[in-house]
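The structure under discussion appears below in the form of structure tokens.
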2 protein chains.
Amino acid sequence: MDDTAASTVATLRRFNRSFTQRIGVLDESFLGAGRPLGQARLLYEIGLGHTSVLELRQRLGLDSGYLSRMLREFEREGLVAVTADPDDGRRRVAELTAAGRRAWDDLDRRSDELAARIVAPLTERQRTELASALATADLLLRAATVSFDVVDPAGPEAIAAMTAYFDELDGRFVDGFDPGDTLTVDAPSMREPTGTFVVAHADDEVVACGGVVRHDATTGEIKRMWVHPDWRGAGVGRRTLTALESHVARLGYDRIVLDTNAVLTEAIAMYERAGYTPTARYNDNPYAQRWFTKPVA
Amino acid sequence: MDDTAASTVATLRRFNRSFTQRIGVLDESFLGAGRPLGQARLLYEIGLGHTSVLELRQRLGLDSGYLSRMLREFEREGLVAVTADPDDGRRRVAELTAAGRRAWDDLDRRSDELAARIVAPLTERQRTELASALATADLLLRAATVSFDVVDPAGPEAIAAMTAYFDELDGRFVDGFDPGDTLTVDAPSMREPTGTFVVAHADDEVVACGGVVRHDATTGEIKRMWVHPDWRGAGVGRRTLTALESHVARLGYDRIVLDTNAVLTEAIAMYERAGYTPTARYNDNPYAQRWFTKPVA
DNA sequence: CCATGTCTCTGACTGTAGTCAGAGAATCTC
DNA sequence: GAGATTCTCTGACTACAGTCAGAGACATGG
């Protein structure tokens with residue numbers, strides 16, 4: 001552990017101690033609503049719109065029996081209605097009733113009040129400073145815990161990520177961007193064993209993606225690399241690229257190529273910083289204006 | 001609630017959610033040591049040197065029965081030795097045995113490793129940025145939760161705070177500062193009903209102090225105002241002054257006076273910002289070079 | 001339509017956290 | 001030195017959190 005890391009660790013631990021002590025109350029204030037913490041957390045998640053029992057279980061990391069019991073309790077109190085998912089009869093969907101919505105609003109209001117009481121003694125300048133420090137810390141901590149997972153390029157997460165990517169290209173390219181049917185056509189090429197597709201998860205949300213396809217026997221091509229706008233500047237793009245590069249190596253290629261459009265200046269800068277060098281046009285992609293290559297490490 | 005406050009509250013709540021989810025593990029990793037969280041916290045506090053049972057109870061906010069039971073458990077495991085306090089036979093003192101120290105080191109090491117794993121994916125620059133954001137947020141949150149309490153001016157907290165104050169004056173005044181026996185002589189004047197003494201607590205530590213004494217029938221004097229060096233620039237001084245001013249009003253005075261030395265430029269600036277105006281020398285304090293006054297609001 | 005798998009639910013548990021009343025020993029106050 | 005107070009301890013509780021095994025309803029792929 002080098003010095004920066006050691007001192008960051010010390011700061012993080014110190015902060016954790018003082019924060020949990022002070023703001024733990026913020027969670028326990030849920031208890032102030034006469035509701036145990038577990039129930040309050042569950043009710044809160046349901047109110048946020050995460051309604052399928054499966055999703056709730058994954059988000060909160062709860063045992064299915066435990067969760068089921070809490071839902072029965074909510075039903076008994078008339079706060080939640082649980083019905084079968086019309087798409088899949090095994091699945092069940094929980095939704096707040098009117099009374100449940102009121103209970104949720106109450107929780108939300110209490111949390112707001114408590115948080116407001118905590119920051120109340122600060123001056124306006126200090127509050128602004130606090131908000132910006134917390135936002136920075138939040139982004140970095142969230143970025144630090146992003147995970148990179150291989151998914152099916154035709155699966156819902158991949159589709160959603162690439163759609164966001166195409167929409168962004170359409171907005172930024174001078175003459176717009178028409179993906180045509182690439183979304184479905186290209187999927188097979190981004191599957192093992194000659195390709196792959198990776199999404200970056202932060203709290204089960206997809207915040208970045210990228211694919212690898214075969215270019216020729218010894219060359220892999222990186223495509224569809226995209227980072228969610230909220231997540232730029234936190235190193236997620238760089239780490240996505242690193243993840244993809246290691247997949248290229250794993251798939252047995254010894255050279256990487258990629259293309260991009262001239263307006264994507266941040267991407268170009270990142271490729272250059274990552275050791276990519278310009279190379280000749282290697283495809284007839286009408287949207288490509290820059291071509292790069294890099295040997296596999 | 002104005003706009004700054006509302007957005008700070010939203011940021012704080014958002015941060016709280018993502019932080020506890022992510023770093024909650026940091027505490028639960030204590031559990032990784034095969035020890036329940038409550039026990040781990042207690043063992044950790046004992047290891048930090050907070051050894052009297054009373055102090056542990058106050059710091060951790062535990063029921064005395066609950067704490068007692070945990071200490072018995074630690075004794076049974078040979079981690080802690082509990083003995084009577086030689087100064088007061090009612091009080092008991094807990095100390096780590098050699099085995100307890102090893103268990104503590106183990107907890108500490110695990111926490112370090114976990115925190116290190118969390119920040120590991122960040123670049124050095126990002127780690128520095130994270131550490132500084134957390135340190136800022138920590139100071140502000142700690143400052144926001146400071147409480148101002150009336151204490152006896154001859155009590156241990158008041159003595160400690162004023163001693164630190166005098167030591168600082170001695171270091172900063174050109175010809176040093178000799179408190180003489182003011183510490184004991186002045187105490188009665190800083191007691192109700194004509195005076196008072198206030199200390200600012202953050203986590204049971206004294207971070208600022210100040211006293212009010214009778215100047216004449218309608219005038220209260222603010223004295224011994226001091227802020228711990230680590231806590232300057234976070235608004236604690238300003239809030240100590242405000243607290244003292246409200247005590248002056250409560251005690252029935254309608255004017256405030258105070259004096260200070262020319263080298264205490266931050267203090268002078270603060271008094272001016274707070275609406276104090278220069279006035280004529282009103283005492284023969286050999287260390288005073290500036291005199292201020294302000295009407296009670 | 002059968003085997004296999006997925007999702008949810010119930011019942012029977014365990015461990016942890018925390019509360020409350022009251023007893024006993026030491027100390028403080030007058 | 002008597003009475004009040006402080007501090008710790010024990011015993012008897014309660015509520016909350018979480019685990020595990022297994023049953024039942026539904027879905028899916030051959």
Side-chain angles (χ1 to χ4, degrees), chain A residues 20-21 24-25 27-46 50-77 80-95, chain B residues 20-21 24-25 27-46 50-77 80-95 152 154-156:
Chain A
T20 49
Q21 200 178 355
V25 205
D27 290 332
E28 280 152 30
S29 80
F30 279 140
L31 275 164
R35 207 175 291 287
L37 189 56
Q39 278 191 20
R41 273 202 289 247
L42 175 56
L43 191 64
Y44 192 73
E45 284 295 330
I46 296 173
H50 307 117
T51 55
S52 98
V53 173
L54 184 64
E55 193 184 355
L56 291 169
R57 217 169 55 217
Q58 287 170 348
R59 276 202 164 248
L60 295 168
L62 297 174
D63 175 80
S64 72
Y66 184 28
L67 174 55
S68 180
R69 224 179 313 279
M70 282 200 282
L71 288 173
R72 285 305 80 64
E73 174 67 16
F74 282 152
E75 278 189 316
R76 218 180 44 71
E77 290 180 51
V80 162
V82 180
T83 52
D85 184 333
D87 296 340
D88 184 337
R90 291 169 301 183
R91 232 174 250 157
R92 311 211 67 202
V93 171
E95 244 167 322
Chain B
T20 49
Q21 201 178 353
V25 206
D27 290 332
E28 280 152 30
S29 81
F30 278 142
L31 276 164
R35 208 174 290 286
L37 190 55
Q39 279 192 21
R41 274 202 289 247
L42 175 57
L43 190 64
Y44 192 72
E45 283 296 328
I46 296 173
H50 307 116
T51 55
S52 98
V53 173
L54 184 63
E55 193 183 355
L56 290 170
R57 217 169 55 220
Q58 287 170 347
R59 280 203 159 247
L60 296 168
L62 297 174
D63 174 81
S64 71
Y66 183 29
L67 174 56
S68 180
R69 223 179 314 279
M70 282 201 282
L71 287 172
R72 285 305 81 65
E73 173 67 17
F74 282 151
E75 279 189 316
R76 219 181 43 71
E77 289 180 51
V80 162
V82 180
T83 51
D85 185 334
D87 296 340
D88 184 337
R90 291 169 302 184
R91 230 173 253 158
R92 311 212 65 201
V93 170
E95 245 166 322
D152 189 90

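Since the structure is predicted, the reported quantities are computational estimates derived from the model, not experimental observations. Order of the sequence lines fixes the chain letters, A, B, ..., with proteins taken first and strands second; residue numbering starts at 1 for each chain.
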For Phe74(B) against Gln39(B), the heavy-atom pair lying closest together: CZ-O, 3.4 Å

5'-most by nearest nucleotide on DNA chain C - Ser64(B) or Met70(B): Met70(B)

Chain A footprint on DNA chain C, 5' to 3' - any atom under 4.0 Å from a heavy atom: dG5(C) to dA12(C)

Sugar-phosphate, base or nothing in reach of Arg69(B), heavy atoms under 4.0 Å: base

Of Leu71(B) and Gly89(A), the one whose closest DNA chain D nucleotide lies more 5': Leu71(B)

Exceeds 12 heavy-atom contacts within 6.0 angstrom, atom CD of Glu95(B): no

Nucleotide nearest Arg90(A) when distance is taken to its side chain, options dG18(D), dT8(D), dA27(D): dA27(D)

Donor-acceptor contacts, no H, no angles, side chain residues 54-68 of chain A, under 3.5 Å, sequence neighbours left out:
{"from": "Asp63(A)", "atom 1": "OD2", "to": "Gly65(A)", "atom 2": "N", "distance (Å)": "2.8"}
{"from": "Asp63(A)", "atom 1": "OD2", "to": "Tyr66(A)", "atom 2": "N", "distance (Å)": "3.1"}
{"from": "Ser68(A)", "atom 1": "OG", "to": "Arg72(A)", "atom 2": "NH1", "distance (Å)": "3.2"}

Candidate nucleotides dT8(D), dA25(D), dT19(D), ranked by approach to the side chain of Leu54(B) - the nearest: dT8(D)

Pairwise 5' ranking along DNA chain D for Gly38(A) and Asp87(A), keeping only the more 5' one: Gly38(A)

Side chain of Asp88(A) (C-beta onward), nearest among dA27(D), dT6(D), dG18(D): dA27(D)

Point-to-point distance, once rounded to the nearest 0.5 Å, from CG of Asp87(A) to OG of Ser52(A): 11.0 Å

Nearest-Å distance for atom pair CD/C1', residues Glu55(B) and dT6(D): 17 Å

For atom CG of Asp63(A) and atom P of dC16(D), their distance in whole Å: 18 Å

Nearest non-hydrogen partners of Ala84(A) and Gly89(A), listed with the distance: CB-O, 4.4 Å

Residue pair Leu71(B), Ile46(B): steps toward the side-chain contact (heavy atoms from CB on, under 4.5 Å) verdict: CA-CA 10 Å; Leu71(B) 287 172; Ile46(B) 296 173; 4.0 Å; yes

